[in-house]
Amino acid sequence: MFRQKCYWSLFLLLTSPLLVIAAPYFRDVTDEMGLNFRHVNGFSAERRLVETVGSGGALFDFDNDGDLDVYLVQGNALSPSTAPPKNRLYRNDDGILIDITESANVGDTGYGLGAVAADYDSDGHRDLYVTNLGKNVLYRNNGDGTFTDVTEQAQVGCPLLSTSAAFADIDRDSDLDLYVCNYLAYTLESDIPCYFKNELRIYCGPNEYHGIPDVLYRNNGDGTFTDITESAGVYQPTTRGLGVVFTDVNGDRWMDIYVANDMSPNTLFINQGDGTFREEGVLRGVAYNGDGLANASMGIDAGDYDNDGDIDLWVTNFSLEANCLMQNDGDGYFEDVTFETNLADASFHSLGFGTRFIDFDNDGWLDLLVGNGHIWDNVEQMDATLRYAQPVQVFRNQGGSFADITTAAGLSETPYVVRGMLFGDIDTDGDVDVVLCQSNRPAVILRNDIGTANAWVTVKLVGTDGNTDAIGAQVTLEANGLTLLREVICGASYLSGNDFRLSIGLGDASRVDRLQIRWPNGTVHQLGEVPIRQAITFSQD
């Protein structure tokens with residue numbers, strides 16, 4: 001009864017033009033859910049570069065009880081006399097987050113940056129990969145509430161400055177391979193001092209360091225991985241990888257890889273279907289922005305924003321650079337349509353990190369959320385038009401173009417310093433919620449309080465051929481005159497792992513007329529009418 005009253009209140013808010021502006025679309029429920037996590041970056045007067053890069057985390061159902069648990073990555077005090085803080089795992093118990101880090105054995109104490117979760121060993125339990133400054137960590141989920149560090153056995157330690165990571169089945173052998181972004185040739189001992197006008201100490205930019213190659217690991221199917229970066233054709237010696245997403249950009253049913261690089265051309269690796277890739281970022285129009293410039297790119301995502309049946313790409317960039325929306329022409333070639341879709345001006349003074357396409361209001365059109373925050377804590381001393389802490393931005397999709405509704409959504413008055421941004425339906429009510437991972441500040445949970453006023457269906461796919469999370473599967477849904485394409489992707493955002501369930505908005509539809517599932521192995525399932533306002537699980541035959 002309480003939830004019905006809440007839905008009715010939301011309906012009144014949505015249908016009243018006077019109230020919709022005053023009502024927050026996302027409500028801070030951090031304290032209500034019992035989350036008490038503060039990121040430590042080891043801030044120092046020396047402003048060491050790594051301090052401002054992280055951090056992130058992952059939303060995933062580690063115990064298969066149907067709701068999302070939260071893993072948050074910690075930095076470090078960077079002081080040998082201080083006990084290092086630990087990453088934390090919180091179990092979701094009916095909307096209350098319980099810290100189970102110690103019993104679960106996932107409290108890594110390295111200088112952490114990001115995390116991603118997926119079932120790499122095909123046992124039905126999602127495992128966890130953590131990126132660090134120094135050796136990364138792979139935790140295997142034992143299925144009993146505990147994890148085991150299998151990094152050495154799996155051979156995925158990658159002791160560099162790693163940032164985002166993602167899993168997908170690149171060779172269609174039914175197990176998940178792993179892509180790891182690496183940023184710079186950096187150690188604490190090699191940190192370079194940088195100054196603004198030779199006076200103000202600031203965090204250095206990436207050009208002060210050499211870029212280093214990312215790494216692609218092939219899953220051998222026996223609990224181990226092999227580094228195939230060079231043989232697979234994804235070796236790029238000096239890129240500065242920050243964000244990655246696996247997606248099928250050209251519709252050939254092979255997973256491609258799009259990487260956001262910092263002050264280097266973004267890279268798009270097209271899967272050749274034979275275990276190799278070809279880098280075609282320039283050829284396909286996604287290496288540079290529409291002016292032919294390489295941006296300082298961080299956050300990344302893939303989705304069909306214009307409902308034309310193909311996958312478009314989205315990247316967040318540095319302040320005084322517009323973010324970039326790349327529209328797919330249907331054959332996997334792209335055009336920068338940021339200005340045409342009204343996304344440029346609003347992003348110019350912001351510095352975007354975590355981001356995703358989500359249909360926050362469940363009207364059938366993918367909107368955009370962007371988490372912002374500058375890397376320079378003293379940026380106002382350098383440019384009075386810029387701010388360190390910045391609001392989360394909401395861009396509502398109006399049928400292919402966007403409107404900045406940050407103020408209407410109630411977010412313009414609260415600035416954050418966002419890095420990772422985790423997306424998923426935390427309260428299982430049919431819309432997408434958000435976790436903000438802040439730099440040297442507390443994590444924040446923003447609950448979506450508007451999406452359930454419209455119709456929706458949540459689709460969970462369960463693969464039975466090894467890829468149990470069905471990463472790479474695509475769902476095509478027809479309802480209310482719209483044909484919607486949604487893809488199960490891994491990676492995206494920045495330093496983040498996100499909910500694999502597909503939350504699909506239906507507007508005022510009374511039913512789903514048709515639903516098609518294209519599984520990663522190419523099998524296609526056609527279904528007729530599907531009920532709405534329900535979470536439905538489909539298993540691969």
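Position 1 is the first residue of the sequence, and the numbers go up from there.
In this structure, the separation between CG on Asp306 and CG on Leu366 is 9.5 Å, given to the nearest 0.5 Å. To the nearest 0.5 Å, the span separating CD1 on Ile228 from OH on Tyr235 amounts to 15.5 Å. Rounding to the nearest 0.5 Å places CG of Leu320 at 5.0 Å from CZ of Phe348. Between the CG atom in Leu128 and the CZ atom in Phe62 there is a gap of 10.5 Å [rounded to 0.5 Å]. Between Asp427 atom CG and Arg447 atom CZ the span is 6.0 Å, to the nearest 0.5 Å.
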Let me see the working for Ile170 and Trp254 under side-chain contact (heavy atoms from CB on, under 4.5 Å), right down to the final yes or no.
-> CA-CA 7 Å; Ile170 63 169; Trp254 293 93; over 6 Å; no
Run the numbers on Tyr258 and Phe246 for ring-ring contact (aromatic ring centres under 6.0 Å, His included), then give the verdict.
-> CA-CA 7 Å; Tyr258 188 43; Phe246 278 105; over 10 Å; no
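A salt bridge does not link Asp248 to Arg253: none of the charged side-chain nitrogens sits closer than 4.0 Å to a carboxylate oxygen. Here Asp256 does not pair with Arg284 in a salt bridge; the nearest charged N to carboxylate O distance is not below 4.0 Å. Using a 4.0 Å cut-off between a side-chain N of Lys or Arg and a carboxylate O of Asp or Glu, Arg27 and Asp449 qualify as a salt bridge. With respect to Asp425 and Arg501, no salt bridge is recorded, no charged nitrogen being found less than 4.0 Å from a carboxylate O. Comment: Arg356 engages Asp301 in a salt bridge, judged by a side-chain N to carboxylate O separation of less than 4.0 angstrom.
In this structure a side-chain-to-backbone donor-acceptor pair under 3.5 Å is present from Asp127 to Tyr120. Not one N or O on the side chain of Asn250 forms a donor-acceptor pair closer than 3.5 Å with the backbone of Asp331. Within the 3.5 Å criterion, the main-chain N or O of Leu484 finds no donor-acceptor partner in the side chain of Glu478. Judged purely by atom type and a 3.5 angstrom limit, Thr341 uses its side chain to pair as donor or acceptor with the backbone of Val337. In this structure, the side chain of Asp361 does not engage the main chain of Gly451 through any donor-acceptor pair within 3.5 Å. Judged by distance alone, with hydrogens and angles left aside, the side-chain atoms of Asn317 form a donor-acceptor pair with the main-chain N or O of Ala322 at under 3.5 Å.
A donor atom on one side chain and an acceptor atom on the other are found under 3.5 Å apart for Arg514 and Gln526. At a cut-off of 3.5 Å, with distance as the only test, a side-chain donor of Asn480 or Asp508 sits close to an acceptor on the other residue. No side-chain donor from either of Ser297 and Asn295 sits under 3.5 Å from a side-chain acceptor of the other. For Thr468 and Asp119, the side-chain atoms include at least one donor-acceptor pair closer than 3.5 Å. In this structure, a donor-acceptor pair under 3.5 Å is absent between the side chains of Gln236 and Asp214. Using modelled atom types, one finds no donor on one side chain facing an acceptor on the other under 3.5 Å when comparing Gln534 with Thr458. Using a 3.5 Å distance cut-off with no hydrogens or angles, the side chains of Ser55 and Arg419 do not pair a donor with an acceptor. Asp429 and Thr452 form no side-chain donor-acceptor contact under 3.5 Å, judged by distance and modelled atom types alone. With hydrogens and angles left out, the side-chain atoms of Tyr129 and Asn136 include a donor and acceptor closer than 3.5 Å. A side-chain donor-acceptor contact under 3.5 Å links Asp262 and Tyr183.
Leu369 is not listed as a side-chain neighbour of Thr355, based on a closest heavy-atom distance of 4.5 Å or more. With a 4.5 Å cut-off on side-chain heavy atoms, Leu527 and Ile517 count as touching. In this structure the side chain of Asn498 never reaches within 4.5 angstrom of the side chain of Ile489, judged on heavy atoms. Residues Lys460 and Phe538 form no side-chain contact, since every pair of their non-hydrogen atoms from C-beta on lies 4.5 Å or further apart. A 4.5 Å side-chain heavy-atom check between Asp465 and Trp519 finds every atom pair outside the cut-off. By the 4.5 Å heavy-atom criterion applied to side chains, Thr406 and Val392 are not counted as neighbours. Using a 4.5 Å heavy-atom cutoff, the side chains of Asp431 and Asn362 are in contact. Contact of the Val475 side chain with the Leu461 side chain is registered, since non-hydrogen atoms from C-beta on lie closer than 4.5 Å.
Between Tyr217 and Tyr179, the distance separating the two ring centers is not shorter than 6.0 angstrom. Ring centroids of Phe353 and His374 are separated by 6.0 Å or more, keeping the two rings apart.
Closest approach of Asn328 and Asp312 over heavy atoms only: N-OD1, 2.8 Å. Residues Gly66 and Thr428 approach most closely at O-CG2, 3.8 Å, considering heavy atoms. Shown here for Pro391 and Leu411, the closest heavy-atom pair between the two residues is CB-O, 3.4 Å. Closest approach of Ala260 to Gly299, counting heavy atoms only: CB-O, 4.4 Å. What you find for Thr30 and Ala443 is that their closest heavy atoms are CG2-O, 3.5 Å. Closest heavy-atom contact between Thr229 and Val215: OG1-CA, 3.4 Å.
Tested against Asn289, the residues Asn266, Asp336, Thr338, Asn323 include a single side-chain contact (heavy atoms from CB on, under 4.5 Å) partner, Asp336.
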